[in-house]
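Beneath this line is the structure, given in structure tokens, with notes to follow.
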Amino acid sequence: MNTVSMLGGSEDLDTFAYRGKKVSYDEIGEVKARVEAGLRRLVIMECELAKQAAGQLGRLLLRENVKLGILDMHGTKLGMDDLRAVSQALRVNAVVERLGLVGCRLEDIEGQLAILLDGNTRLRHLLLSRNDLSLATGLPRSLKSNKELATLDLSHANLQGTLTTLLCSIEAHPTLRTLNVSYNNCRCTRFPCAVGGVVLGCKALRTLNIAGNSLGEQPEMFLGKLQFAESLTELNISQTGLKEDGVASLKEGLRMCENLLALDLSNNDIGDSLSNVLSTDVLHNIKWLSVSRTGMGRGVAQDIADFMEDGDTLLSFDVSDTKCIGDVCLADVFMRNRRLPIKGLNLSRTGLSESAVRGLLHALREYTALQSLLLENLSLHSGTLIPIVASLTTPQSTVSLIQVSFSGNSIADIPVILAGFKKLFERNPSLSCIGTKETHFHNEKVSRADFDFPEAIPVRMRSGTVVDAEYSPSPVFFGVPGVDE
């Protein structure tokens with residue numbers, strides 16, 4: 001996208017943005033001509049609104065023939081008068097389809113959301129994450145009155161027990177496709193039943209993220225409903241307190257959930273019972289799977305190997321922080337079947353020995369599918385890492401990585417390693433990420449400047465995130481706040 005700086009903002013044919021500045025009354029007025037010319041997206045991100053600037057914005061939204069479909073005010077504090085000006089304008093002239101109010105420290109949220117939502121037939125994507133909505137007791141009623149919502153993001157909103165009432169209000173919503181209510185610390189005993197009602201009643205639902213809320217002692221009240229979730233493609237139940245006694249219900253629910261492509265089971269004390277789920281009979285078409293930090297023991301090692309080898313759809317597999325991987329002969333898995341579709345592999349903090357890592361990399365030299373390899377915090381030293389980098393850059397290697405990370409390993413021979421990383425770039429022009437965060441070279445952290453790579457190539461990457469060019473779950477599945485597409 002071609003953008004140019006202008007009055008502290010940036011613009012292209014469809015977007016105008018102010019970022020990280022104090023926006024004056026006059027500056028909002030200067031957007032008027034662009035809005036009248038058909039501006040589709042206005043971004044006021046991490047800004048401070050000067051006095052009466054929100055009122056000016058409200059009057060701008062009231063103008064005839066406004067085509068502004070997206071209003072994103074991510075991180076911009078909105079006081080009571082500011083929110084009232086925006087919500088009343090959108091109530092009168094319902095033009096905005098996507099409204100982002102993420103982290104806006106909203107005031108008077110109760111009354112203004114009712115004004116904004118009641119009878120608004122245009123608003124389809126509402127992002128309210130990272131606001132304290134604990135006192136917004138009227139929110140369920142307001143959401144129930146809006147029958148057009150496709151995306152609802154209420155993550156990190158401190159809803160706690162109120163979340164159960166809210167879920168009950170939308171349990172038969174006809175158009176809801178994406179729901180993120182993660183990390184609201186809901187411990188209500190009715191929560192499993194309420195979220196089960198959403199799965200059962202929202203026939204259009206495709207992405208559901210309930211991470212960071214407790215399924216309590218009756219997880220089957222939710223898990224049992226998954227068999228009716230015909231449209232569900234992405235499910236994040238990380239850190240929901242799921243235990244071994246809930247795996248039977250999970251297995252039966254997933255067995256009938258044939259369209260599921262992405263599943264996050266991480267941070268649950270499931271243990272060895274996870275072997276009941278790691279089967280192509282249960283995970284029919286899964287493409288992205290995380291079983292990180294699930295307490296699996298050595299008894300599951302062979303099940304993991306069999307699942308990787310048998311699956312013909314699995315593209316990205318996150319088994320980080322899973323010590324039993326040390327008992328899986330990954331090299332044999334890839335040597336026996338070079339047609340495996342796996343493109344992303346996260347083996348960080350798995351305790352893999354240096355010999356196991358060397359064997360794996362030797363097996364991967366001719367494995368053409370691999371695009372993302374994460375080997376973070378494995379206590380790898382130069383004696384291991386140098387051959388690893390060399391094996392990926394030899395003329396015989398057919399690997400085409402777009403992401404690789406060795407973060408958190410201790411490396412001594414800086415020139416050799418840097419030269420190897422540079423060869424990776426030369427061999428793989430599409431390589432977009434080399435993770436080096438907190439990689440120590442004789443107790444010295446290496447900065448981007450040490451790599452002497454083109455500025456267009458980002459060296460930074462989000463630790464533990466597997467990039468895949470063919471398929472990657474939506475940002476909502478990963479819990480990225482304020483992003484719905």
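Nothing here was measured: the structure is a model prediction, and the numbers come from that model. Residue indices begin at 1 and follow the sequence shown.
The two residues L68 and L42 have their closest heavy-atom pair at CD1-N, 3.6 Å. What you find for E217 and P219 is that their closest heavy atoms are C-CD, 3.3 Å.
With respect to the salt-bridge test (charged N to carboxylate O, under 4.0 angstrom), the residues E97 and R122 qualify.
In this structure, the side chain to side chain donor-acceptor pair (under 3.5 Å) partners of S182, at least two apart in sequence or on a different chain, are N180. Applying the side-chain contact (heavy atoms from CB on, under 4.5 Å) criterion to S134, with sequence neighbours excluded, gives D132, N158.
Other residues, nucleotides and ligands contribute over 12 non-hydrogen atoms within 6.0 Å of the CE atom of M308. Residue K67 qualifies as open at atom NZ: its count of foreign heavy atoms under 6.0 Å is 12 or below. Other residues, nucleotides and ligands contribute at most 12 non-hydrogen atoms within 6.0 Å of the CD atom of E230.
Applying the salt bridge (Lys or Arg N to Asp or Glu O under 4.0 Å) test to pairs two or more places apart or on separate chains, none has a residue in residues 176-194.
Judged by distance alone, the side chain of N213 and the main-chain N or O of Q239 form no donor-acceptor pair under 3.5 Å.
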Item to complete: Given salt bridge (Lys or Arg N to Asp or Glu O under 4.0 Å), test D321 with R293 step by step and report yes or no.
Response: CA-CA 5 Å; D321 296 278; R293 296 178 294 280; 2.8 Å; yes

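Results of the side-chain contact (heavy atoms from CB on, under 4.5 Å) test with I304 over L330, L278, V333 single out L278 as the only residue that passes.
Note: F307 and F317 have perpendicular aromatic rings, judged against thresholds of 30 and 60 degrees for the angle between ring planes.
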